[in-house]
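Take this structure, written in structure tokens, and hold onto it; I'll ask about it next.
These values consider heavy atoms only, across backbone and side chains, with no hydrogens, waters or symmetry-generated copies. Numbers for residues simply follow the sequence, beginning at 1.
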Amino acid sequence: MIIKKPADIRPSEITEPAIYRRRRDFIRNTTGLLLAGMTGGLPGTGAARPGHGGKVIQGIERGPFSTAEPPTPYEDVTTYNNFYEFGTDKESPARLAGSLKTEPWTVTIEGEVARPGRYPLEDLLKGQPMEERIYRMRCVEGWSMVIPWVGFPLANLIERFQPTANAKYVEFQSLHDPAQMPGQRRDVLEWPYVEGLRMDEAMHPLTILAVGLYGEVLPNQNGAPLRLVVPWKYGFKGIKSIVRMRFVERQPVSSWSRAAPHEYGFYANVNPEVSHPRWSQRRERRIGELRKRRTLMFNGYADQVAHLYRGMDLAKFY
Ligand SMILES: Nc1nc2c(c(=O)[nH]1)N[C@H]1C(S)=C(S)[C@@H](COP(=O)(O)O)O[C@H]1N2
Ligand SMILES: [Mo]
């Protein structure tokens with residue numbers, strides 16, 4: 001999403017990475033099918049089982065709202081990332097995020113809550129269900145994936161802190177530590193990365209905090225140890241490596257709307273009717289597929305979330 005003047009950008013830049021990876025994906029998928037055939041398995045089923053070398057999360061339950069669509073291969077989910085703290089190209093996070101130290105980790109809760117404080121991550125996770133939620137994810141750049149997250153409803157945590165009547169929004173902050181995050185030594189964005197949700201969006205049962213994917217602890221490049229997942233919004237809402245949650249009365253700023261307010265709004269709901277100023281949002285390329293798909297309103301979660309925006313002009317509040 002590096003901001004360029006319209007004259008600098010070629011339309012091909014957005015889809016280029018997906019195209020060059022097509023052949024590789026085709027080869028891999030074909031191999032997968034062969035293996036599945038040999039073992040009697042079906043492609044897509046059991047894909048969310050661990051076995052990729054990360055720390056396995058115990059006691060995972062099947063959560064609600066999962067799509068039956070096949071998950072995007074683990075290798076794509078973990079090597080094609082946006083995490084500007086580790087560079088602006090898709091491959092850098094996987095290469096460089098090893099320097100991120102995720103233990104110990106504390107999250108500061110502040111603002112309009114009865115129980116503010118600095119909470120160790122273990123404490124926040126205590127008593128939370130660990131659910132697998134296989135969600136469709138859509139990046140504003142025009143690609144999409146299906147990711148088997150492991151996490152728990154954000155609402156569970158929020159209730160614990162007892163927000164006051166003045167809490168209308170939640171603001172999230174990522175870690176700011178240029179010593180660990182080489183991308184922060186350049187000012188491609190104002191650091192730390194910040195995002196926000198309206199309280200009803202934050203409390204919605206689709207909204208989760210993820211600590212894992214494919215049955216294992218989150219790889220650093222995917223936002224370890226704690227990241228937000230809001231599947232009806234463009235991917236940039238899904239802030240990674242969260243260290244702070246602040247409950248506020250006014251709509252907070254978010255990194256991308258601060259960097260380019262005409263291109264990225266606060267709501268960032270997936271909406272094929274609202275073009276990005278430099279490209280259409282009508283279609284998307286599911287990583288690993290050859291033909292583009294039609295993008296669905298609210299990324300296919302309209303039945304669950306459309307009521308949150310009743311009466312709002314979604315072309316204005318994009
Ligand atoms: N802190 C932080 N969070 C971030 C980003 C980032 O650069 N920094 N990129 C966002 C964007 S644009 C996307 S599409 C998703 C990508 O998540 P994934 O790499 O796990 O698929 O993370 C989002 N969260
Ligand atoms: Mo994105």
Side-chain angles (χ1 to χ4, degrees), residues 1-15 18 65 67 69 82 84 135-147 154 167-172 188-190 193-208 228-239 248-287 291-318:
M1 306 216 294
I2 302 180
I3 298 151
K4 297 184 180 181
K5 296 193 295 305
D8 297 339
I9 198 160
R10 290 172 288 123
S12 60
E13 275 184 66
I14 300 145
T15 47
F65 306 117
T67 173
E69 294 169 74
N82 271 335
Y84 276 25
Y135 282 169
R136 287 182 294 273
M137 306 300 295
R138 168 64 155 82
C139 178
V140 77
E141 294 166 327
W143 48 270
S144 64
M145 296 193 191
V146 173
I147 303 186
L154 172 60
K168 301 284 193 310
Y169 297 88
V170 199
E171 183 192 313
F172 302 85
V188 285
L189 279 177
E190 240 179 82
Y193 194 100
V194 286
E195 257 304 339
L197 292 175
R198 210 171 60 191
M199 205 56 150
D200 56 348
E201 298 176 320
M203 295 298 288
H204 192 281
L206 269 172
T207 305
I208 59 169
L228 182 67
V229 175
V230 199
W232 71 94
K233 293 177 182 277
Y234 290 116
F236 64 85
K237 278 302 226 191
I239 182 170
V248 294
E249 188 155 15
R250 304 255 192 84
Q251 182 177 301
V253 285
S254 52
S255 281
W256 281 106
S257 56
R258 179 170 56 196
H262 302 297
E263 304 197 358
Y264 310 107
F266 174 80
Y267 282 94
N269 289 320
V270 174
N271 187 348
E273 306 297 324
V274 177
S275 296
H276 183 280
R278 290 183 277 129
W279 59 82
S280 162
Q281 293 291 20
R282 290 204 169 279
R283 300 195 309 153
E284 67 196 58
R285 189 182 303 284
R286 177 71 52 83
I287 297 296
R291 288 179 57 218
K292 284 198 179 180
R293 307 171 163 244
R294 216 160 47 81
T295 286
L296 301 174
M297 189 64 203
F298 297 113
N299 202 26
Y301 298 97
D303 287 350
Q304 285 80 33
V305 301
H307 69 276
L308 298 176
Y309 309 102
R310 207 161 283 149
M312 283 176 74
D313 177 353
L314 295 180
K316 187 168 163 225
F317 298 100
Y318 55 86

> Val274 versus Leu314: any side-chain heavy-atom pair under 4.5 Å?
Replying inline: no
> Does Pro231 offer a backbone N or O that forms a donor-acceptor pair with the side chain of Asn299 under 3.5 Å?
Replying inline: yes
> Which pairs with one or both residues in residues 303-318 pass salt bridge (charged side-chain N to carboxylate O under 4.0 Å, His left out), sequence neighbours excluded?
Replying inline: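 Found none.
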> Is Glu284 close to Trp143 at the side-chain level, that is, under 4.5 Å between some pair of heavy atoms?
Replying inline: no
>> Looking at Arg282 and Glu273, is any side-chain nitrogen of the basic one under 4.0 Å from a carboxylate oxygen of the acidic one?
In response: yes
> Do the side chain of Ser280 and the main chain of Ser275 share a donor and acceptor less than 3.5 angstrom apart?
Replying inline: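 Not a single qualifying donor-acceptor pair exists.
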>> Give me each pair satisfying salt bridge (charged side-chain N to carboxylate O under 4.0 Å, His left out) with a member in residues 195-206, each pair once, sequence neighbours excluded.
In response: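 Applying salt bridge (charged side-chain N to carboxylate O under 4.0 Å, His left out) to every pair that reaches into residues 195-206, excluding sequence neighbours, yields Glu195-Lys237, Arg198-Asp200, Glu201-Lys233.
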> His204 side chain to Val230 main-chain N or O, any donor-acceptor pair under 3.5 Å?
Replying inline: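 Not a single qualifying donor-acceptor pair exists.
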>> Holding to salt bridge (charged side-chain N to carboxylate O under 4.0 Å, His left out), I want the full list of residues that pass it with Arg258, two or more places apart in sequence or in another chain.
In response: Glu190
> With side chains defined as the heavy atoms from C-beta onward, is the minimum distance between Arg138 and Leu296 less than 4.5 Å?
Replying inline: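 In short, these two side chains do not touch, never coming nearer than 4.5 Å.
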>> Tell me whether Gln281 contacts the main-chain N or O of Val140 through its side chain, where contact means a donor paired with an acceptor under 3.5 Å.
In response: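 Such a contact is found between Gln281 side chain and Val140 backbone.
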> So, do Met297 and Asn271 sit near enough that their side-chain heavy atoms are less than 4.5 Å apart?
Replying inline: yes
> Would a line drawn from the ring center of Trp256 to the ring center of Tyr264 be shorter than 6.0 Å?
Replying inline: yes
